[in-house]
Amino acid sequence: MEGWDADVAPTTPWWADAVVYQIYPRSFADSDGDGIGDLAGIRSRLDHLRTLGVDVLWLSPVYPSPQDDAGYDIRDYQGIDPVFGTLEGFDELLADVHAHGMKLVMDLVVNHTSDEHAWFEESRASKDSPKRDWYWWRPAREGLEPGTPGAEPTNWGSFFSGSAWQLDDATGEYYLHLFSRKQPDLNWENPEVRQAVCAMMRWWLDRGVDGFRMDVINMISKDPALPDAHVVGSGGLFADGGAYYLCGPRIHEFLQEMSREVFTGRPELLTVGEMPGVTVDEARLFTDPARREVDMVFQFEHMGVDQGLTKWDHHPLKLTDLKATLARWQAGLADVGWNSLYWNNHDQPRVVSRFGDDGEHRVRSATMLATVLHLHRGTPYVYQGEELGMTNAPLRSVDELRDIESINHYRQEVAAGRDPEQVLASIRPMARDNARTPMQWDASPHAGFTTGTPWSEVNPNYTEVNAAAETADPDSVFHHYRRLIALRHSSRTVVLGDFTLLLHDDEQVYAFTRRLGNEELLVLGNFSGSDAEVELEGWEGSELVLGNYREPAEGLGLRPWEARVHRREVGR
Ligand code: NOJ
């Protein structure tokens, strides 16, 4: 794909004009009334996705799991958790997805397993276990008794609060877990680990799946010396060890090996690597097709624009920061590589509550945000419910938190003497729980998600915000997403056009052009509830391709949360 441009190379990868839809199975659709979504529930809702027009479904993990981290802690890579169904049920779903003309991508979680995985059980059994070296085991810090404060082998913190090390009584050594203590990190230095992972991936591909979304895949190569992290400021008990495990020394080698071992001879797949902390320069390497690593990455810079040192330190968005970062990624991956585009997933709060207005202007701001994102160059990802403009959860009390990350953080802060109400207030805007409330299908009890008791509270706004109401309303968020997806499918300029940011310093208006050959598109988005003036030469009287107001605009100015896409012909 190097130098990849419609004029030069008419064949582009199939995923370049595709739109991916992420399903979080626990919360999508429950077929058997146990309050948890399942595979049969997904099957029963494929028509919704077909109508929306998406090309690929990405399934968050459905493997057997103790569910400590909602399935991202896997006990068995080659099975289906009974709560979601069976392998036969999975095959039926896959066949149905294909029959609906869509593809299915699995979540690949191989930075860590569950501590209940047979590999880890064998590894922890003794220091001489043949699988001891499949995980990161270390003795206590020299001179300190195991289990005493500060005896952890490094000062690294876990993403879910506390130390990244857990003492295991069986052998008196610690194991590394960057996430929960029930998610021990695999040791990719060991070639047996890599071979086992590749064999498992081939097994899924042989079953017919169409690719993988690779969970925190840039964490698989660690600096084997495992040095202590640099402490920033006054520091907490534990520090950020990212320098020693984000895009570590052998990451490119490992991904190239995986690609050779697993993807050779299978050209029609989609691979996307989730990579916290990845830079544009690194992403160019990861996604350069000539290097055969991954097709695209999920980067996080634009998800950090409303945060301080930690995600709980939330502040309002400054639009110029968001524009600057996304434009840098557009430019950085313009000639080599490819971007993924997302506002939402199961780890992020709902974008209409985060960057939009989920009250009076919910529909208008959700459709504006969708327009701006989907008109960038890259492959857009839609997270379930985003196409309805679903909003953050009220999270009225700590009892409504279900996610290990927010619960651990709450406990840690309260134990440290902070005011519980203030801690909850800091968790509310950023909690992953916001994204995980049940899908809102209709106005019947529990939003039509389940006939039982849902595992997480349904957002009370389901009587108004739901798929049934929105499919019946041509002005809904749903139909706007449908139109955006159809536009991408029909316009090579949307897929391949060059990106140019305009109005860099404007704190209200997001504006850019996309150009291919002699067609140019202008995209305008008003990130505010007040009118905005826009002056751009040569666009007066241009054709309106898409907008989120029915009533025609006067001039280029934007009404509250308005988005418009204009088109004009230009000389070559
Ligand atoms: C990233 C996933 O998206 C998140 O949900 C999970 O908690 C961590 N990786 C650990 O697997």
Side-chain angles (χ1 to χ4, degrees), residues 20-28 37 58-77 81 105-117 120 135-136 156-162 164 166 175-186 188 197 212-220 222 240-242 245-247 271-278 294 296-300 303-304 310-312 340 342-350 381-384 386 401-409 427 430-437 455-456:
V20 183
Y21 185 95
Q22 182 190 354
I23 293 180
Y24 192 68
R26 292 183 80 72
S27 307
F28 192 64
W58 147 28
L59 275 196
S60 276
V62 287
Y63 315 99
S65 160
Q67 304 288 332
D68 189 54
D69 182 19
Y72 282 87
D73 48 321
I74 298 172
R75 180 194 284 137
D76 171 9
Y77 286 117
D81 197 295
V105 162
M106 299 297 276
D107 220 306
L108 179 81
V109 188
V110 290
N111 173 68
H112 44 267
T113 65
S114 161
D115 66 340
E116 296 181 28
H117 194 291
F120 187 73
Y135 295 84
W136 295 91
W156 301 0
S158 136
F159 288 100
F160 295 157
S161 305
Q166 175 67 30
Y175 62 85
L176 176 68
H177 62 89
L178 294 180
F179 293 89
S180 103
R181 61 181 177 76
K182 286 186 68 60
Q183 292 168 296
D185 281 52
L186 280 164
W188 278 67
V197 167
F212 297 99
R213 172 270 185 188
M214 304 176 178
D215 191 70
V216 291
I217 201 70
N218 66 332
M219 299 188 191
I220 59 176
K222 280 119 179 142
D240 174 4
Y245 59 73
L246 293 177
C247 298
T271 57
V272 49
E274 187 206 24
M275 300 200 178
V278 71
V294 289
M296 54 193 113
V297 304
F298 287 133
Q299 58 91 8
F300 282 71
M303 292 283 98
T310 77
K311 72 182 274 183
W312 311 117
S340 66
Y342 73 95
W343 290 139
N344 273 118
N345 59 43
H346 64 291
D347 294 333
Q348 300 294 339
R350 294 283 181 182
Y381 287 70
V382 180
Y383 176 67
Q384 68 185 42
E386 182 181 339
L401 302 178
R402 298 279 178 280
D403 174 27
I404 181 168
E405 181 190 47
S406 38
I407 291 172
N408 283 2
H409 178 70
I427 287 176
M430 294 310 285
R432 308 195 300 182
D433 304 82
N434 285 307
R436 301 179 179 186
T437 60
W455 73 278
S456 148

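Note that ligands are numbered from 1 as they come in the structure, with each ligand's atoms numbered from 1 the same way.
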Report the part of [X] in contact with ligand 1, treating N, CA, C, O as backbone and CB onward as side chain, heavy atoms under 4.0 Å; options are side chain, backbone, both, neither.
| X | answer |
| --- | --- |
| E405 | neither |
| Q348 | neither |
| F160 | side chain |
| R436 | side chain |

Students often mix this up, so state it plainly: with edges at 30° and 60°, are the rings of Y77 and Y63 parallel, tilted or perpendicular? perpendicular
Exactly one of F120, Y175, W188 clears ring-ring contact (aromatic ring centres under 6.0 Å, His included) with Y135, and that residue is F120
Heavy atom of the protein closest to [atom] (residue, atom name, distance):
| atom | answer |
| --- | --- |
| atom 8 (C) of ligand 1 | F179 CE2, 3.7 Å |
| atom 3 (O) of ligand 1 | D347 OD2, 2.5 Å |
| atom 1 (C) of ligand 1 | D215 OD1, 2.9 Å |

Shortest heavy-atom approach to atom 6 (C) of ligand 1 - which of I217, D69, N111, L178: D69
As a test of understanding, state which of S114, S180, S65 forms a side chain to side chain donor-acceptor pair (under 3.5 Å) with D73. S65
For R213 and ligand 1, answer yes if some heavy atom of the residue is under 4.0 Å from a ligand atom, otherwise no. yes
